[in-house]
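What follows is one structure encoded as structure tokens, with my remarks underneath.
These numbers come from the heavy atoms of this one structure, side chains and all, not from hydrogens, waters or symmetry mates. Letters go in sequence order (proteins before strands), and every chain restarts at 1.
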Amino acid sequence: MKGVRFWGTRGSLPVALTAAGVRHKLLDALRAARGQPLESETDLERILDNLPFAARATFGGHSSCVQIDTGGPDYFVCDMGSGLRPFGQAAMAQRSGGGAQTFHIFMSHLHWDHIMGLPFFVPAFIPGNRVVIYGSHSELEAALRRQQEPPSFPVDFRIFGAKMEFVHLEPGRRHDIAGIGVTTMLQRHTGDSYGYRFESPGCVVVYSTDSEHPLAEPEHTDRFVEFFRDADLVVFDAMYSLADSISVKADWGHSSNVVGVELCQRAGAGHLCLFHHEPVFDDAAIEAMLAETRRLEEITRGPSPLLVSAAYDGLEIAL
Amino acid sequence: MAQIATRQFADTLVVAPTGRIDHLSAASFEAALTPLLTQAGDALVLDFSGVEYISSVGLRVLMIAAETLRARQARLVVCGLQTVVAEIFAISRFHRILVVCPTLGDALEQSSAAALAAYRQAVPGNAS
């Protein structure tokens, strides 16, 4: 595997940057530019680069969609949130000579925010393309067909011109898919969700979203530590604070940055990427959470450091 | 967790664990703390001055303890956090759901006037 690209990182519901939010960022940039040389493009770029991420950019608003670059010709994608739409457009732009494309799509679960991108996934409309949708839920195909039935959507699932296939993945068993080892594991979430462990020689990526961790069950924690074992990258549901996740938002099916650090440290993972951001958090709140998570990693560091990042729409992580 | 010591100041029980409260020791910490919750009067103070680290599993034990006490109108007060533990409380937002005081004297003052007086009497020079 060569890298991961995030197309949708927001939890539960897509969000959009508002006019007021853009104005706030512009004002921050203009304030930072006071007294600075502004003549060259380099001057302008330098001013922007010195701004905090929340002031010069945005974590973005699409719901879950993560692409894994396997190094092969096929596309690997985790979940079909609203980020699937821009991913599909990018994939269309990469078509060479109108050749057919194959997409392997891995579903954590079937909640709305993880399936809503499919009706807008342009490659699925292209005859000759192949879209293989994998999951461990028995209702996988039915759920995707149902979301396009009246009165929920005007265009039926049968409109797709690509060959649409569904593959059930037995949890706990390693499947070989286009040269990548793929293993799913049951997670705690209403209606169940599944984490994915992708393995290629010398490289492991774990995608674990919409997953609550009951702290009173050490055997549950141990299972996840093994699932994350020696991962190069763990994409982790860090939607809530620890306090919220085990008090007012207990049983809501999500986890925290604190548990993400602990699991990755015990598993010897190399990189924790905070994911499935709370939709009520603005950019500054997510950036602050990232800084706190890095500090937590620093003060609890074991034998080797754990890299911590926060996913944003457009982030690329090389493997 | 190496050990857990208790002291009584008037109507307030002070429980002082030491060492690390992590995934290896949280269960024994919970087993030691749980029976003390019924012994405590209107307040139980957790003196954390000897606690070097607490993980999510340990924090959960504190939340359960606070809920158990709250159910009978009693309260949990945590005090004496070491710097690292104070940071963990802040990052996990536990400082928002638990009552946290800087010192044992502050915690006993939160508990009752009798507890604070007993503390000052037991340890001369304890102004706070």
Please step through side chain to side chain contact (heavy atoms under 4.5 Å, CB included) for the pair B:F94 and A:V258, ending with a clear verdict. CA-CA 11 Å; B:F94 261 70; A:V258 173; over 6 Å; no
Looking at every non-hydrogen atom in both residues, tell me the closest pair between A:L215 and B:S56 and how far apart they are. CD1-O, 3.5 Å
Do other residues, nucleotides or ligands put more than 12 heavy atoms under 6.0 Å from A:H271 NE2? yes
Crowding at CG, B:D42 (>12 non-hydrogen neighbours, <6.0 Å): no
Flag the pair [X] / [Y] as yes when at least one side-chain heavy-atom distance between them is below 4.5 Å, and no otherwise.
X	Y	value
A:I299	B:E87	yes
B:I91	A:N257	yes
B:R93	A:D244	no
B:F89	A:L242	no

If we ignore hydrogens and angles and just use 3.5 Å, is the side chain of A:E262 paired with the main-chain N or O of B:S55 as donor and acceptor? no
Pick whichever of A:A216, A:S256, A:P218, A:S247 has the most heavy-atom pairs under 4.5 Å with chain B. A:A216
Give, for atom OG1 of A:T221 and atom NE2 of B:H23, the distance between the pair rounded to the nearest 0.5 Å. 9.0 Å
Rounded to the nearest 0.5 Å, what separates atom CZ in A:R295 from atom CD1 in B:I88? 10.0 Å
With only heavy atoms counted, which part of A:S245 is less than 4.5 Å from chain B, the side chain, the backbone, both or neither? neither
